[in-house]
Amino acid sequence: MNTLPLLKAELEAEYNTTQKFFAIFPEGKNDYAPHEKSMKMMALASHIAAIFAWPEIILNTEVLDFAKSDFMPPEAENGTQLKTFLDENFKTGIEALDKITEENLTGTWGLANDGHEIASWSKYGAIRHGLDQVTHHRAQLGVYYRLLNIDVPGSYGPSADDQSF
């Protein structure tokens, strides 16, 4: 089975849905968090945008060790920058997938902290995990929107806010 077209289609679908969420990102709410343990809203949204470039990182490295790497994705300062960041990262992710073959998805990739393994997947599994992370964190952003009385866009069908029946 050729999984590359499926991964690219899924990355594009998640990008299109994320664009709807970022189009209504509220200015002046970057530091909003619904709980002291929650990420601040702009940090959360920036993390979502950064995930779209993960295929490039995963396909070109064996591990991301947080303590031994200078990897630090930037945080957007406003909604316009957030949308640009999303667009650039999506382009990076799609271009990385365009350059490979199925065989490139079979190697392993992992997350570590100072040499201690946190998680490990096949490269395919790591990219799939990234797509799951987009879904998970975008749902969190939807909760933030709901708590701020911002209409929540539909993700995989209409939301309570965009139903017309």
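Reckoned from all heavy atoms, side chains included, excluding hydrogens, waters and symmetry mates. Positions are given from 1 along the sequence. Since we're looking at a predicted model, the values are computed, not measured.
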Going from [atom1] on [X] to [atom2] on [Y], what distance comes out if it is rounded to the nearest 0.5 angstrom?
{"X": "Leu111", "Y": "His116", "atom1": "CG", "atom2": "NE2", "answer": "14.5 Å"}
{"X": "Asp132", "Y": "Ile127", "atom1": "CG", "atom2": "CD1", "answer": "12.5 Å"}
{"X": "His129", "Y": "Ile58", "atom1": "NE2", "atom2": "CD1", "answer": "8.5 Å"}

_Quick check on side-chain contact (heavy atoms from CB on, under 4.5 Å): which of Ile48, Val152, Leu86 does Phe21 satisfy it with?_
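Output: one option passes, namely Val152.
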Judged by atom type as modelled, is there a donor-acceptor pair below 3.5 Å linking the side chain of [X] to the main-chain atoms of [Y]?
{"X": "Ser46", "Y": "Ala76", "value": "yes"}
{"X": "Asp162", "Y": "Gly154", "value": "yes"}
{"X": "Lys83", "Y": "Gln19", "value": "no"}
{"X": "Thr17", "Y": "Glu14", "value": "no"}
{"X": "Thr135", "Y": "Leu131", "value": "yes"}
{"X": "Asn78", "Y": "Gln81", "value": "yes"}

Do [X] and [Y] share a hydrophobic cluster (ILVMFWY, side-chain heavy atoms under 4.5 Å, transitive)?
{"X": "Leu11", "Y": "Trp54", "answer": "yes"}
{"X": "Tyr15", "Y": "Leu7", "answer": "yes"}
{"X": "Ile150", "Y": "Val143", "answer": "yes"}
{"X": "Ile100", "Y": "Leu6", "answer": "no"}
{"X": "Phe52", "Y": "Phe22", "answer": "yes"}

*Charged N-O contact under 4.0 Å between Asp87 and Lys91*: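 No salt bridge links Asp87 with Lys91.
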Less than 3.5 Å apart, any donor N or O on the side chain of [X] or [Y] sitting next to an acceptor on the other?
{"X": "Thr61", "Y": "Trp109", "answer": "yes"}
{"X": "Glu102", "Y": "Thr3", "answer": "yes"}
{"X": "Gln133", "Y": "His136", "answer": "no"}
{"X": "Arg138", "Y": "Thr18", "answer": "yes"}
{"X": "Asn104", "Y": "Thr101", "answer": "yes"}

*asked:* Checking Arg146 against Asp161 for the salt bridge (Lys or Arg N to Asp or Glu O under 4.0 Å) test, could you report, in this order, the C-alpha distance in whole Å, the side-chain angles of both residues, the deciding distance, and whether it holds?
replied: CA-CA 10 Å; Arg146 175 67 66 226; Asp161 297 315; 2.9 Å; yes
Do the non-hydrogen side-chain atoms of [X] and [Y] ever get within less than 4.5 Å of each other?
{"X": "Ile94", "Y": "Lys8", "answer": "yes"}
{"X": "His137", "Y": "Leu44", "answer": "yes"}
{"X": "Ile118", "Y": "Phe66", "answer": "yes"}
{"X": "Leu64", "Y": "Ser69", "answer": "yes"}
{"X": "Arg128", "Y": "Glu10", "answer": "yes"}

_As a quick check of understanding, evaluate side chain to side chain contact (heavy atoms under 4.5 Å, CB included) for Met39 and Tyr144, giving each step before the final call._
CA-CA 10 Å; Met39 289 177 77; Tyr144 288 29; 4.2 Å; yes
On a heavy-atom basis, which atom in [X] and which in [Y] lie closest, and how many Å separate them?
{"X": "Ala45", "Y": "Phe25", "result": "CB-CE1, 3.8 Å"}
{"X": "Gly130", "Y": "Ile51", "result": "O-CG2, 3.3 Å"}
{"X": "Pro55", "Y": "Ala96", "result": "C-CB, 4.1 Å"}
{"X": "Asn30", "Y": "Lys40", "result": "O-CB, 3.6 Å"}
{"X": "Thr108", "Y": "Ser120", "result": "CB-OG, 4.5 Å"}
{"X": "Asp65", "Y": "Gly115", "result": "OD2-N, 2.7 Å"}

*Is the CD atom of Glu77 crowded by more than 12 outside heavy atoms at less than 6.0 Å?*
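Check fails, neighbour count at 12 or below.
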*asked:* Other residues, nucleotides and ligands only: do more than 12 of their heavy atoms fall within 6.0 Å of NZ on Lys29?
replied: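 It does not: Lys29 NZ has 12 such atoms or fewer within range.
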*side chain to side chain contact (heavy atoms under 4.5 Å, CB included) between Glu103 and Lys123: does it pass, once the steps are laid out?*
CA-CA 10 Å; Glu103 293 78 40; Lys123 292 200 177 212; over 6 Å; no
_Verdict with supporting geometry, Met42 and Leu82, side chain to side chain contact (heavy atoms under 4.5 Å, CB included)_ = CA-CA 8 Å; Met42 184 55 86; Leu82 179 63; 4.3 Å; yes
*Could you please spell out the steps behind the side chain to side chain contact (heavy atoms under 4.5 Å, CB included) verdict for Tyr145 and Asp151?*
CA-CA 7 Å; Tyr145 283 4; Asp151 287 352; over 6 Å; no
